[in-house]
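Position 1 is the first residue of the sequence; numbering continues from there.
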Amino acid sequence: MSEQTTHIIPPKNFRIKVCGMTAYDQVMSLDEMGVVFAGFIFYAPSPRFCLRFTDLTGIKKIRGKNINKVGVFVNASAEEVLRTVDEAGLSMVQLHGEESPKTCERIAEYVSVIKAFRLREDDQVLWKIKDYQPLVDMILFDTATSTYGGSGKKFDWELLRGLKIGKPFFLSGGIGPEDAQRIHEFNRDPVATDLFAIDINSRFETSPGIKNISLIRQFMQELNPS
């Protein structure tokens with residue numbers, strides 16, 4: 001009788017990305033809490049469009065001890081993305097639309113790129129990412145909806161179980177304060193070898209772009225108990 005192999009993923013301190021930031025003081029609060037990534041959305045139709053609340057100079061002035069500024073773009077040209085990276089002092093970019101592999105590759109020559117994939121229940125994940133996987137630095141899995149991000153809806157994490165992504169990935173899509181235990185359970189699956197960070201947004205807001213800092217703090221404590 002053959003012995004069944006058990007996959008054991010070691011415990012980790014989960015990195016957190018809080019997307020849809022609009023307020024300087026809130027970014028600084030997250031920095032003090034040890035949040036690693038703050039997402040600024042540069043997509044005008046979004047209710048969290050950061051330039052509705054501040055300007056590029058204001059974003060460039062944000063400098064924390066821990067936090068990296070991530071610019072989130074949807075189908076913007078490479079020229080627009082790279083210009084914004086310079087003017088806003090961004091650490092990396094997240095491409096959340098239908099950007100081509102060539103566009104991603106061009107941007108990745110200048111700045112670290114997270115490519116987002118919006119998953120539907122019948123998607124073949126490895127096929128969907130295959131043309132991008134060698135070209136970008138990280139991947140983000142989100143929920144496919146009629147809008148781009150911030151929907152508060154989850155995709156089926158079973159789509160990822162047992163896969164070898166081969167690239168650090170962010171887990172996103174409707175993650176809420178009640179999901180810490182579910183994330184710990186997901187972390188036991190072999191796919192979590194490549195799990196790089198947890199991405200949260202609308203489920204931790206009092207209004208679009210305004211975060212509930214105490215709720216984020218509680219969630220972080222549940223994810224990473226001391």
Side-chain angles (χ1 to χ4, degrees), residues 14-31 33-54 56 58-59 62 64 66-76 81 84-85 88-97 99 111-119 136-155 157 168-177 179-180 183 195-220 223:
F14 291 94
R15 303 175 188 89
I16 301 294
K17 173 175 172 279
V18 183
C19 202
M21 299 306 300
T22 61
Y24 175 91
D25 60 334
Q26 291 210 321
V27 178
M28 290 297 96
S29 294
L30 296 180
D31 181 58
M33 289 161 47
V35 170
V36 183
F37 303 101
F40 296 86
I41 296 175
F42 292 91
Y43 177 59
S46 171
R48 300 167 185 86
F49 177 45
C50 62
L51 298 184
R52 191 177 296 126
F53 300 86
T54 184
L56 294 171
I59 296 171
I62 297 174
N66 304 295
I67 213 153
N68 297 275
K69 293 178 289 185
V70 182
V72 181
F73 299 86
V74 176
N75 299 326
V81 171
T84 306
V85 167
L90 303 177
S91 305
M92 57 184 64
V93 300
Q94 175 180 321
L95 303 179
H96 210 90
E99 298 84 5
V111 65
S112 294
V113 169
I114 306 164
K115 180 66 183 86
F117 294 90
R118 302 160 68 230
L119 299 184
V136 301
D137 299 280
M138 301 179 191
I139 285 169
L140 181 144
F141 294 115
D142 198 2
T143 307
T145 65
S146 59
T147 59
Y148 291 96
S151 68
K153 297 179 180 179
K154 287 184 180 65
F155 68 91
W157 296 358
F169 73 87
F170 291 69
L171 185 64
S172 186
I175 294 173
D179 286 322
I183 291 168
L195 176 58
F196 183 74
I198 305 299
D199 182 284
I200 61 176
N201 189 352
S202 62
R203 299 286 306 283
F204 291 85
E205 289 183 327
T206 57
S207 61
I210 306 301
K211 308 305 178 186
N212 185 325
I213 298 297
S214 62
L215 205 57
I216 295 173
R217 181 180 291 108
Q218 179 182 342
F219 179 70
M220 290 184 65
L223 270 187

Trace of the side-chain contact (heavy atoms from CB on, under 4.5 Å) decision for Ile183 with Phe219: CA-CA 11 Å; Ile183 291 168; Phe219 179 70; 3.8 Å; yes

Between [X] and [Y], is any pair of side-chain heavy atoms under 4.5 Å apart?
X: Thr54; Y: Phe40; value: no
X: Ile198; Y: Asp179; value: no
X: Phe37; Y: Met92; value: yes
X: Phe204; Y: Val18; value: no
X: Gln26; Y: Ile213; value: yes
X: Ile16; Y: Leu223; value: yes
X: Phe53; Y: Ile59; value: no
X: Val27; Y: Lys69; value: no

Reference residue Val36; test side chain to side chain contact (heavy atoms under 4.5 Å, CB included); the match among Asn68, Leu30, Asn66: Asn68

What are the two closest non-hydrogen atoms of [X] and [Y], and how far apart are they?
X: Met28; Y: Ile62; answer: CE-CG2, 3.6 Å
X: Cys19; Y: Val72; answer: SG-CG2, 3.8 Å
X: Leu90; Y: Gly71; answer: CD1-CA, 3.7 Å
X: Pro177; Y: Leu215; answer: CG-CD2, 3.5 Å
X: Val35; Y: Ile67; answer: O-CG1, 3.6 Å
X: Ile175; Y: Asp199; answer: CD1-O, 3.8 Å

Exam field: side chain Arg48 to backbone Tyr43, donor-acceptor pair closer than 3.5 Å: no

Any donor-acceptor N/O pair, Thr143 side chain to Phe155 backbone, under 3.5 Å: yes

Straight-line distance of [X] [atom1] to [Y] [atom2], nearest 0.5 Å:
X: Ser172; Y: Leu119; atom1: OG; atom2: CG; result: 10.5 Å
X: Ser29; Y: Tyr24; atom1: OG; atom2: OH; result: 10.5 Å
X: Leu140; Y: Phe169; atom1: CG; atom2: CZ; result: 10.0 Å
X: Met138; Y: Phe196; atom1: CE; atom2: CZ; result: 4.0 Å
X: Ile41; Y: Met21; atom1: CD1; atom2: CE; result: 10.5 Å
X: Leu51; Y: Ser46; atom1: CG; atom2: OG; result: 11.0 Å

Mutual orientation of the aromatic rings belonging to Phe42 and Phe73 [parallel < 30°, tilted 30-60°, perpendicular > 60°]: parallel

Option from Arg118, Lys153, His96, Lys154 for which side chain to side chain donor-acceptor pair (under 3.5 Å) with Asp142 holds: His96

Where at least one partner belongs to residues 208-219, residue pairs that pass salt bridge (charged side-chain N to carboxylate O under 4.0 Å, His left out), sequence neighbours excluded: Glu205-Lys211

